[in-house]
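Every value quoted in this text rests on a predicted model; they were computed, and no experiment measured them.
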Amino acid sequence: MASTVSFSPANVGMLQGRSCHGHAAFGSCSAVPRTGPRTRSMVVRVSSEQEAAAAVRAPSGRSIEECEADAVAGRFPAPPPLVRPKAPEGTPRIRPLDLTKRPRRNRKSPALRSAFQETTISPANLVLPLFIHEGEEDAPIGAMPGCYRLGWRHGLLDEVYKARDVGVNSFVLFPKVPDALKSQSGDEAYNDNGLVPRTIRLLKDKFPDIVVYTDVALDPYSSDGHDGIVREDGVIMNDETVHQLCKQAVSQARAGADVVSPSDMMDGRIGAIRAALDAEGFHDVSIMSYTAKYASSFYGPFREALDSNPRFGDKKTYQMNPANYREALIETAADEAEGADILLVKPGLPYLDVIRLLRDNSALPIAAYQVSGEYSMIKAGGALNMIDEEKVMMESLMCLRRAGADIILTYFARQAATVLCGMRSN
């Protein structure tokens, strides 16, 4: 449909032989004389976009304007015949099942599956364990591809920077302590100028907004490789060990730790550590208790990373029996009563039932530790092309979340966060 615009004679010369404002897409302009009772003006016919649209035909061959007129009058074309996709040859012809509920309806498209997804995971749910040592160079850990003992001054800072770049803001520190500093009583554990306190101070200075978790246990500092003080007859001494752990936790809090994490499994240590922290004014420092830590065979690569294998015996007198389920409720009740802020299950994936047990019986946040053996198996399977490493990694983390874990300690934290951010994982 053409439109008309009136112009005075003074403007006619500007229009003749030119396009409107130089926009050829709006059509050409032509001046048409018009006379009126008082003034003489020109009428300009403009071929508009509406005219171009009117020339468009619907699939039926009718113009858009004709279709619109029919719609206003309530005359709608008949719907096209329903054409069902053909089944492959040999498919039996049967009467459809009489089902009122078909759960697959809610899974039929990516949009629906996403809308009804019950469990989600984000970088905020991940805690990255970091191995640190006194050296300057980063040393690869043979049993854990992609993991290193990081130099606490340089490599550590670089790793934290990269993790923060993809949304991981929580880290837990594990030290490789020189043998010369180890002793049977593990006194280096509470040295205020030791490797862990120095590292905490450095991290908090460079990245004040991150959350720093620490490990509270004597095994990295013990010449015997156990989580507690060993008596001459091989018995792990409980109360004497707890005394040392309290001093260790206070030292870490003094350095700036946000969360101290007793992993030793000594009886009564949560209450004692809480009292020690409060007595020193560290009321805001949280305790993440290794509530259900099992005497598992999945820890092997970790012990290589820290060179912390027991010099003799095993850890079965203080870590839980993998065959036990109800016992985790005893540990949960004790830790809650003694003042734990977070309850942790270790290992993770082989103990999904225990994670769910704690989730159903406690209102506290639940943590799961996807341990070194789990990590190394996925890495090895991926390297051998037996599994899709990235997909198995993400599925395993989702399973831990589905079981009830609020946070997951995992060596995959940075790699998984990269995937969650939509970037290519390395």
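Atom CD of Glu134 sits in a crowded spot, with more than 12 heavy atoms from other residues, nucleotides or ligands closer than 6.0 Å. Remark: Asp98 CG is loosely packed, at most 12 non-hydrogen atoms of other residues, nucleotides or ligands lying under 6.0 Å away. Atom CZ of Arg326 sits in a sparse spot, with 12 or fewer heavy atoms from other residues, nucleotides or ligands closer than 6.0 Å. For Asp360, the CG atom counts as densely surrounded, since its 6.0 Å shell holds more than 12 non-hydrogen atoms of other residues, nucleotides or ligands.
When side chains are defined from C-beta on, Pro123 does not count as touching Val166, because their heavy atoms never get closer than 4.5 Å. For the pair Lys293/Val345, no side-chain contact is recorded, criterion being any heavy-atom separation below 4.5 Å from C-beta on. Residues Leu173 and Ile200 have side chains in contact (heavy-atom distance under 4.5 Å, counting atoms from C-beta outward). Looking only at side-chain heavy atoms (C-beta outward), Val127 and Val168 stay at 4.5 Å or farther from each other. Between Leu218 and Ile229, the closest side-chain pair of non-hydrogen atoms falls below 4.5 Å.
Considering every non-hydrogen atom in both Tyr290 and Arg269, the closest pair reads O-NH2, 3.2 Å. Annotation for Asn191 and Pro197: closest pair O-CG, 3.3 Å, computed over non-hydrogen atoms. The nearest pair of heavy atoms linking Tyr411 to Val371 is CE1-C, 3.8 Å. Closest non-hydrogen pair, Ile236 versus Met266, comes out as CG2-CE, 3.8 Å. When all heavy atoms are compared, the tightest approach of Glu331 to Thr291 is CB-O, 3.3 Å. Thr332 and Ser362 make their closest contact through CG2-CB, 4.2 Å (heavy atoms, listed as atom of the first residue, atom of the second, distance).
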Decide yes or no on ring-ring contact (aromatic ring centres under 6.0 Å, His included) for Tyr213 and Phe171, but give the supporting numbers first. CA-CA 6 Å; Tyr213 293 73; Phe171 305 88; 9.5 Å; no

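Proximity of the aromatic rings of Tyr351 and Tyr325 is defined here by a centroid distance below 6.0 angstrom, and this criterion is not met. Between Tyr148 and Phe131, the gap from one ring centroid to the other reaches at least 6.0 Å.
Gln370 and Ser396 share a side-chain donor-acceptor pair at under 3.5 Å. Counted by atom type alone, Asp215 and Ser263 present one or more donor-acceptor pairs between their side chains at under 3.5 Å.
For the pair Glu338 and Arg274, the salt-bridge criterion is not met [side-chain N within less than 4.0 Å of a carboxylate O]. A salt bridge is defined here as a Lys NZ or Arg NE, NH1 or NH2 lying under 4.0 Å from an Asp or Glu carboxylate O, and Arg201 with Asp205 fails to meet this definition. Between Glu389 and Lys379 a salt bridge is recorded (basic side-chain N to carboxylate O distance below 4.0 Å). Using a 4.0 Å cut-off between a side-chain N of Lys or Arg and a carboxylate O of Asp or Glu, Asp209 and Arg164 qualify as a salt bridge. Using a 4.0 Å cut-off between a side-chain N of Lys or Arg and a carboxylate O of Asp or Glu, Asp227 and Lys315 qualify as a salt bridge.
Remark: the backbone N or O of Ser286 is not paired with any side-chain donor or acceptor of Asp341 at under 3.5 angstrom.
Distance check, rounded to the nearest 0.5 Å: OG1 of Thr317 to CG of Asp314 gives 7.5 Å. Taking NZ of Lys182 as the reference point, atom CG of Asp219 lies at 9.0 Å (rounded to 0.5 Å). The CD1 atom of Ile132 sits 3.5 Å away from atom OG1 of Thr199, with the distance rounded to the nearest 0.5 Å. Between the CG atom in Leu349 and the OG1 atom in Thr410 there is a gap of 10.5 Å [rounded to 0.5 Å]. A distance of 15.0 Å separates CZ of Arg149 from CG of Leu156, quoted to the nearest 0.5 Å. Trp152 CH2 to Asp138 CG: the interatomic distance, rounded to the nearest 0.5 Å, is 14.0 Å.
Screening residues 236-260 for side-chain hydrogen bond (donor to acceptor under 3.5 Å, both in side chains) gives Asp187-Gln244, Tyr190-Lys247, Asp192-Ser251, Asp192-Arg254, Lys204-Asp258, Thr214-Gln252, Gln244-Lys247 as the qualifying pairs, with residues at least two apart or on separate chains.
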